[in-house]
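Following: one structure in structure tokens, then a few remarks.
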Amino acid sequence: MSGHRIELRSQVFRDVLGYTLRHWGGQPGRIAGIVLLVLLSAGADVLVPLYAGRLVEAVASSAPGDAIAREAAWTAFAIVLALGLTRAVLRQFVFHNIITLTLRMMGRIAQDAFGRVQRLSTDWHANSFAGSTVRKITRGVWALDLLNDTLLIALLPAAVMLVGATVMLGMSWPIMGVVVGVGAVLYLGVTVVMSLAYVAPAARLANAWDTRLGGALSDAISCNAVVKAFGAEKREEARLSRVIDKWQSRTRRTWVRGTINGGVQAAMLIGMQAGLLGVSLYLWQTGQANAGDITLALSMFFILQSYLRDIGMHIRNLQRSVNDMEELVALEHLPPGIADAVTARAPQLARGEIRFNDVTFRYGQHPVALFSRLNVRIAPGERVGLVGPSGSGKTTFVKLIQRLYDVTGGSVTLDGEDVRELQQAAMRRQIAIVPQEPVLFHRSLAENIAYGRPGATREEVEAAARLASAHDFIARLPGGYETLVGERGVKLSGGERQRVAIARAFLADAPILILDEATSSLDSESETLIQAAMQRLMQGRTTLVIAHRLSTVRELDRLLVFEKGQVIESGTHAELIARPDGVYRRLLQHQAEGMQLGEADEAALLADQDAEASSASGLAAPRPTVIFLGT
């Protein structure tokens with residue numbers, strides 16, 4: 001089991017590093033330049049101890065007046081200084097290049113991740129917190145900065161230094177080369193194993209709770225209106241507190257394990273220092289090394305120690321950045337919800353005919369199909385109402401037309417073309433939708449209305465708003481059409497959001513129109529105006545109306561009555577209401593019976609009934625204060 005976990009962690013490292021290398025491939029010339037500059041800079045560091053040793057040897061072996069020794073000392077000094085300056089200049093070039101490299105990579109990765117998330121399935125988005133997804137992407141993008149610095153600026157020169165020190169010392173004193181080489185390999189091996197098997201699992205769990213924390217924050221903040229409505233601030237704070245407690249616990253464990261890992265690395269460095277200094281003293285005592293040689297060895301060790309100490313930190317950074325990028329890389333491996341076929345083409349819907357040909361559809365691995373061999377034809381320009389109880393298949397019927405899901409069997413065609421053979425984005429641009437709960441961007445009203453046709457002029461935007469009875473309320477706003485509507489349009493009332501969505505549909509001017517009870521949130525005055533506008537909008541367009549209030553579909557050309565995924569009745573309102581035992585007639589009767597008693601009267605009656613029941617039991621029931629907001 002332990003071996004399986006280590007293999008899994010190794011796979012994560014390989015996935016993240018492979019992902020990074022693929023993005024390096026986008027800038028091969030810059031990567032090659034950075035590597036060359038880093039190698040030259042590290043090479044300068046390797047040579048500094050050699051000339052420092054020669055300087056001490058010249059000073060220690062001759063009198064101050066010795067011209068040859070003085071020249072050797074000053075030459076060594078000049079070379080040491082030149083190597084230092086060379087290293088500093090090269091490092092500046094490295095930094096400037098890696099800044100450009102990393103920023104371009106971060107931008108590209110963020111763009112790719114955003115594009116992939118947009119194309120994931122409707123089910124994936126329904127089951128994922130938006131805040132968590134944003135956290136995965138932003139955390140992973142910023143981790144790339146640390147990963148690039150760790151690999152190119154830290155580990156690469158450290159590797160060059162280790163190899164160079166081992167070779168240089170080993171050429172003069174093989175035993176010293178063995179001490180440095182074996183010590184470095186042992187140090188790196190222990191550090192890598194502890195990072196992968198000890199620190200990484202804790203960091204991965206801490207990141208998972210960090211993602212949950214982001215999701216919990218986003219969920220509560222985006223639903224703040226509901227929180228306020230129920231006075232639930234303390235409850236939400238307590239809920240978040242439980243998540244924060246878990247996050248703190250997991251993060252603390254990660255930090256503690258990182259500290260222990262650092263302590264082990266420090267102990268190993270002390271052991272390596274003792275071995276190298278002990279060998280140096282032995283060589284001096286036996287006459288195999290002079291003062292200059294000892295200076296070379298000591299200078300090399302102190303530089304090497306700095307690199308080794310930093311290597312421990314760099315490997316911890318590598319592990320942390322890999323963990324932070326893990327969820328971002330995992331997004332790349334998620335299959336797109338529905339992919340365009342290689343040969344997919346942009347449709348030109350001239351007529352707007354819709355056909356369901358022997359369509360069978362089931363959600364995921366659900367054993368029971370919602371639709372089984374469903375056949376429906378909607379003629380060009382026909383206005384069709386979709387009627388039925390919740391869960392009967394009305395919304396799924398519309399989603400299959402949009403190809404938000406693929407059919408299990410059969411086909412859905414638009415103007416005779418299978419939707420699976422069309423480019424999804426181009427196809428959906430020719431289907432205008434007004435949802436029951438419209439969602440607006442936190443952008444200006446003009447941008448929201450023109451979203452379906454971004455090249456529209458201000459005059460066209462205003463004309464669409466007038467048709468939707470939205471112009472008057474927009475004109476009264478301080479910013480007019482430039483007013484920002486807030487996240488998801490929270491600064492507007494429900495009716496105002498609905499009218500903006502209707503204006504958006506007017507402007508899109510698509511051949512197929514889908515209305516999901518588009519007037520349900522409007523006040524009576526606006527609804528009268530919108531109903532007339534909708535009649536104009538429907539002319540010459542294939543229109544589907546998902547009807548919740550059956551009174552809104554009386555004038556449509558045809559009604560399809562759904563029940564358990566089957567169209568059990570089809571016809572005009574008059575035809576269906578004439579069927580004594582028809583399902584549509586029964587639904588209409590139930591709805592009419594519910595409307596016979598006014599809402600206020602009904603609430604008062606219910607309150608009286610509750611009071612009578614409480615009195616009978618000897619308890620006094622408080623009368624609720626009921627406030628009705630007219631629609």
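Bear in mind that the values here come from a model prediction, so they are computed numbers and not experimental data.
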Determine, for [X] against [Y], whether the closest basic-nitrogen to carboxylate-oxygen distance falls under 4.0 angstrom.
X    : Y    : answer
E447 : R504 : no
E575 : R558 : no
R420 : D406 : no
R355 : E353 : yes
R22  : E332 : yes

Ring-ring centroid check Y481 H471, cutoff 6.0 Å: yes
Does [X], at its [atom1] atom, have more than 12 non-hydrogen atoms belonging to other residues, nucleotides or ligands within less than 6.0 Å?
X    : atom1 : result
R373 : CZ    : no
R345 : CZ    : yes
F114 : CZ    : no

Set of side-chain contact (heavy atoms from CB on, under 4.5 Å) partners for R250, sequence neighbours left out: L205, A206, W209, K246, R253
Partners passing side-chain contact (heavy atoms from CB on, under 4.5 Å) against T20 (at least two apart in sequence or in another chain): V16, W24, M105, L144, L147, N148, M325
To the nearest 0.5 Å, what is the distance between [atom1] on [X] and [atom2] on [Y]?
X    : Y    : atom1 : atom2 : answer
D557 : E555 : CG    : CD    : 10.0 Å
L414 : L349 : CG    : CG    : 5.5 Å
R586 : Q589 : CZ    : CD    : 9.5 Å
R139 : S321 : CZ    : OG    : 12.5 Å
L370 : K564 : CG    : NZ    : 12.0 Å
L400 : L374 : CG    : CG    : 9.0 Å

Please check if the side chain of [X] supplies one atom and the backbone of [Y] the other of a donor-acceptor pair under 3.5 Å.
X    : Y    : value
Q111 : R108 : no
R116 : L334 : yes
E421 : A344 : no
T542 : G352 : yes

Quick one: does [X]'s side chain get under 4.5 Å of [Y]'s, heavy atoms only?
X    : Y    : result
T572 : L559 : no
V387 : L587 : yes
V434 : I514 : no
T457 : V461 : no

Using every non-hydrogen atom in the two residues, find where [X] and [Y] come nearest and quote the distance to one decimal.
X    : Y    : value
R453 : L507 : NH1-O, 2.8 Å
V359 : S411 : CG2-O, 3.2 Å
R403 : R428 : O-NH2, 2.8 Å
A465 : I474 : CB-CD1, 4.4 Å
P347 : M427 : CG-CA, 3.7 Å
L440 : V485 : CB-CG2, 4.0 Å

Pair N357, N375: side-chain N/O donor-acceptor within cut-off below 3.5 Å: no
Pair Q423-D340, side-chain donor/acceptor within less than 3.5 Å: no
Parallel, tilted or perpendicular: ring planes of F562 versus F371, cut at 30 and 60 degrees: tilted
Parallel, tilted or perpendicular: rings of H573 and Y584 (30°, 60°):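 Ring orientation, 0 to 90° scale: perpendicular.
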F397 and V567: CA distance, side-chain angles, deciding distance, side-chain contact (heavy atoms from CB on, under 4.5 Å) verdict: CA-CA 11 Å; F397 185 86; V567 177; 5.7 Å; no
Step-by-step salt bridge (Lys or Arg N to Asp or Glu O under 4.0 Å) determination, E563 to K394: CA-CA 9 Å; E563 188 173 75; K394 304 185 300 295; over 6 Å; no
NZ or CZ of R476 within 45° of F473 ring axis and under 6.0 Å: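 Relative to the ring axis of F473, which defines the angle, R476 lies outside at least one limit.
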Salt bridge (Lys or Arg N to Asp or Glu O under 4.0 Å) between E326 and K136, worked out: CA-CA 9 Å; E326 179 181 350; K136 290 175 184 179; over 6 Å; no
Positive for side chain to side chain contact (heavy atoms under 4.5 Å, CB included) with L544, one of L556, L515, I378: I378
